[in-house]
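Data block below; observations after.
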Amino acid sequence: PSGLINVSRMDSKTKPGPAQPAKDPAQQPSFEALGKLHHPLDPLRAEEISAAVHAVRLTFGKEHPASSSICFIECSLEEPHPKDISILPATGEAKAGPPIPRLARVITYNRDTNMTSEWLVALTLRPPGKGTRTKSYEGRIISQDLLKDVQPPLDEREYEEGERIVKEHPDFQAAMARRGITDMSLVIADPWCVGYWKPEDGPAKRLCRVLCWVRTPGGPVMDDEAGELVDNAFARPVEGLIIRVDLQKMEVVSVVDRELVPVPEPDPLRNYVNRQGYVVEDASPFVRPLQPLLVKQPNGPSWKVDGNLITWDKWTLRVGFTPREAMVLHNIVMYDVDKGRHRSIARRLSIAEVIVPYGDPADPHYFRNALDCGEDGLGKNVLSLEEGVDVIGQAHFFDMHLTDFTGGLVKISNAAAMYEEDCGLLWKHMDWRTGHVATKRSRRLVFTFMCSVGNYEYAFFWYFHRDGTISHEVKLTGTVMTGISTTGKAPKYGTLLDGKTLFAPIHSHYFVARMHMAVDSDGLGGNSLVEVNIKSESKGTHNPHNNAFYGEETRLRTETAARRKAECSSDRFWKVISDEKNRAGSNTGWRLSPARTSPVYARPDAAFLRRMGFVNNHLWATPFNPFERFPGGDYPNQSPRDDGLPLWTQQDRSLEDQGLVLWYCFGITRVVRLEDWPVTPCDTVGFLLQPDGFFGRSPCVGPVTPELGQGRPEVLHTPAPAPPPVEPPPVATAGEEEPIKAKL
């Protein structure tokens, strides 16, 4: 099909122009010819999304003239192949040759046929002409693939509509009445993906299962005109019900009231805000109030922003977004001062999946095994960051554009942020003989975004340090999932919260970082993988004092050999090495160092692992393939099998001299504490990427020899003003105890 639609850049009311003859994609103008409005890796702009959606809708309307059932799941950039974009020397400038077309990948769901389609849409920028005084974007369908036996991620509209029809269903209302609940405005009916447990859960139907909680009247309300109740509903779970909804037909399939389980009484400590909905601090004469903490940069930030291109200190990289992964970092490069050139580290970094399995075998907890990317989408659940709350100090914010379920345009302001922060000591040394002390403080560049998925909130951070370290950290917060303990005792698979019946089940969170490495390479070849384990030396004359230990390197030459687990007993880490040699004669490399991480505690034959077997290993490695994007495959929702890493790596492809993609699965298992209720203080998990033989010396020392130049003085931090003198407390004498107490 060749439907072409025009969408104005300046005036959304401009009518679509007439259809134009199809153009050969190879003849499209490059991004340079379009006035450098785009870099090939820039995320789709609002106008491009609208043009792509209109082109798809126009073509769908021609094929299905009597239907309006098309639903838009995702619209994102179809990223160009790395061979078309050079990492060096200017981090992403297009190579000479054929121009790079601007393509959008659109995923739609047809409610009439229960079918999923993938569309590839070519986007071009048309100069002002007849009928419009502004430039307009044109979308033309390149291909349409009709996919069988898959279900795309669920959408917020489906959640809302599913909740509505459940609460209106008479069987549900009767079941709630049995539990003493008749006010449906207090009920939360939360749709969850069904996963895959039996054949009827398969993708032939678009299904969800609904879990319920109840708010308590008289609790906190929002401070606005609506005054909506924000009482913590997770204090009162509803159990004994199995509710299934067909989201294609938008009808309740069944409401099974299998057991009458009493709803817990409201926990008096259930809320995390006051009656007016505000976050408050403790007020006690024995609690010292915190004073304002200000972060200022009087000379402005140290970074430079050019569109989505970021430069800071020695670092250069690009920022992108997708509906499934949220923030994506492209073309990560560091300048090597000693060599006088930029050097490549990675093509692409992202979080490709988030998995949350629960450890209670009882219903409804056993089936909660959410894939927050593949079943929902991190980008679709991004929160707008609030300056002074989520980000303190001088920051640069990035907006994100998406399509909603109907094809409308959604803008998420402040979807991500970038800022600098002091992070303590970088290095220090004192020569005790001379008393000479040398010190340098550390600073890092932070990229962050935050998502709200159900009861949990995740804050993701990529840190770029001055010593070359790239670290990733996830902060987990929100409120814990809850259930009912019918025995009134601490359950085996969870933690009793209120001393009566309310409990929180044990569960894990796993995150999969997808890292397309390009260590001193173009990301398409020249890299190999090594594992390092610390070993104790054997006994013998070569170890007369039995104190010897060493790092043993093992080459991981194939995909099956690279299915690895973290091992703290040997301080295991992995290195991506290049063909380039350092001054010591070894290969330059970049190290992946695990930090705190959990194994999978479920049995190997656990049913949920059929579609998320990638959590069984902490490390996977594959040669770069542009179609291998997500660890569980493109469509894990209701999938009866694992279409991702376990399947791909069965090919046992070579990892020698390749463009390598590392898939690092890291996680945390939470045995819930009382201190995690009613809202969880941030828990953290992450990992490190560090240069290992990449530089010839520490990259954060500076030029200390004449051959390296004069250098600049270190940036000094302005010393804080001296605090005012503190008056000594009065000394009590006989008969003065009461006045002193009053003063305190």
(message) Would the distance check show the side chain of R179 and the main-chain N or O of E239 forming a donor-acceptor pair, the cut-off being under 3.5 Å?
(response) yes
(message) If we count only N and O atoms by modelled type, under 3.5 Å, do the side chains of W677 and T495 hold a donor and an acceptor together?
(response) no
(message) Between D201 and V194 (side chain of the first, backbone of the second, donor and acceptor by atom type, cut-off under 3.5 Å), is there such a pair?
(response) no
(request) Taking the six-membered ring of Y109 (Phe, Tyr or Trp), confirm whether the NZ or CZ of R206 is under 6.0 Å from its centre and within 45° of its axis. (result) yes
(request) Check whether any side-chain heavy atom of V106 sits under 4.5 Å from a side-chain heavy atom of F72, and report yes or no. (result) yes
(message) Using a 3.5 Å distance criterion without hydrogens, assess whether the side chain of E251 forms a donor-acceptor pair with backbone atoms of D246.
(response) no
(message) Would the distance check show the side chain of E118 and the main-chain N or O of I107 forming a donor-acceptor pair, the cut-off being under 3.5 Å?
(response) no
(request) Would you indicate whether the side-chain heavy atoms of N232 and V679 approach each other to under 4.5 Å? (result) no
(message) Here's a test for you: under side-chain hydrogen bond (donor to acceptor under 3.5 Å, both in side chains), which of Q151, K205, K249 qualifies with N114?
(response) Q151
(message) Using modelled atom types and a 3.5 Å cut-off, is there a donor and acceptor pairing between side-chain atoms of T116 and backbone atoms of L147?
(response) no
(request) With R236 as the cation and W213 as the aromatic partner, state whether NZ or CZ is under 6.0 Å from the six-membered ring centre and within 45° of the axis. (result) no
(message) Is the terminal nitrogen or CZ of R610 (NZ for Lys, CZ for Arg) located under 6.0 angstrom from the six-membered ring centre of Y196 and within 45° of that ring's axis?
(response) no
(request) Flag the pair P203 / K148 as yes when at least one side-chain heavy-atom distance between them is below 4.5 Å, and no otherwise. (result) no
(request) Could you check S452 against N381 for side chain to side chain donor-acceptor pair (under 3.5 Å), going step by step and ending with a plain yes or no? (result) CA-CA 6 Å; S452 181; N381 288 279; over 6 Å; no
(message) Between H365 and Y493, do the side chains contain a donor N or O and an acceptor N or O under 3.5 Å apart?
(response) no
(message) Within the supplied structure, the quantity of interest is the number of heavy atoms (other residues, nucleotides, ligands) at a distance under 6.0 Å from E265 CD; does it exceed 12?
(response) no
(message) Any side-chain to backbone donor/acceptor pair from W648 onto D643? Under 3.5 Å, distance only.
(response) yes
(message) Main chain of N616, side chain of K565: is a donor-acceptor contact present, judged purely on distance under 3.5 Å?
(response) yes
(request) Using the six-membered ring wherever Trp is involved, compare the ring planes of H472 and W462 and label them parallel, tilted or perpendicular (cut-offs 30° and 60°). (result) tilted
(message) Please confirm whether the ring centroid of F60 lies under 6.0 Å from the ring centroid of W119.
(response) no
(message) Is the distance between the ring centroids of F321 and F449 under 6.0 Å?
(response) no
(request) Give a yes or no answer on whether the side chain of N271 reaches the backbone of V273 with a donor-acceptor pair at less than 3.5 Å. (result) no
(request) Using a cut-off of 6.0 Å, state whether more than 12 heavy atoms not belonging to Q651 lie near its atom CD. (result) yes
(request) Determine the minimum heavy-atom distance between F666 and T597, stating which atoms define it. (result) CA-OG1, 3.2 Å
(message) With a 3.5 Å distance limit and no angle check, can you tell me whether H330 reaches the backbone of V328 through a side-chain donor-acceptor pair?
(response) no
(message) Taking the side chain as everything from C-beta on, heavy atoms only, tell me whether R209 gets closer than 4.5 Å to P364.
(response) yes
(request) For the residue pair Y664 and H618, categorise the inter-ring angle as parallel (less than 30°), tilted (30 to 60°) or perpendicular (more than 60°). (result) tilted
Pair up each side-chain donor or acceptor in residues 171-178 with any protein partner under 3.5 Å, not counting sequence neighbours, and list the distances.
unit_1	atom_1	unit_2	atom_2	d
Q173	NE2	K167	O	2.9
R178	NH1	D257	OD2	2.7

(message) Closer than 3.5 angstrom, by distance alone: can the side chain of T477 be matched with the main-chain N or O of T680 as a donor-acceptor pair?
(response) yes
(message) Could you check whether any side-chain heavy atom of P357 comes within less than 4.5 Å of a side-chain heavy atom of Y601, counting everything from C-beta outward?
(response) no
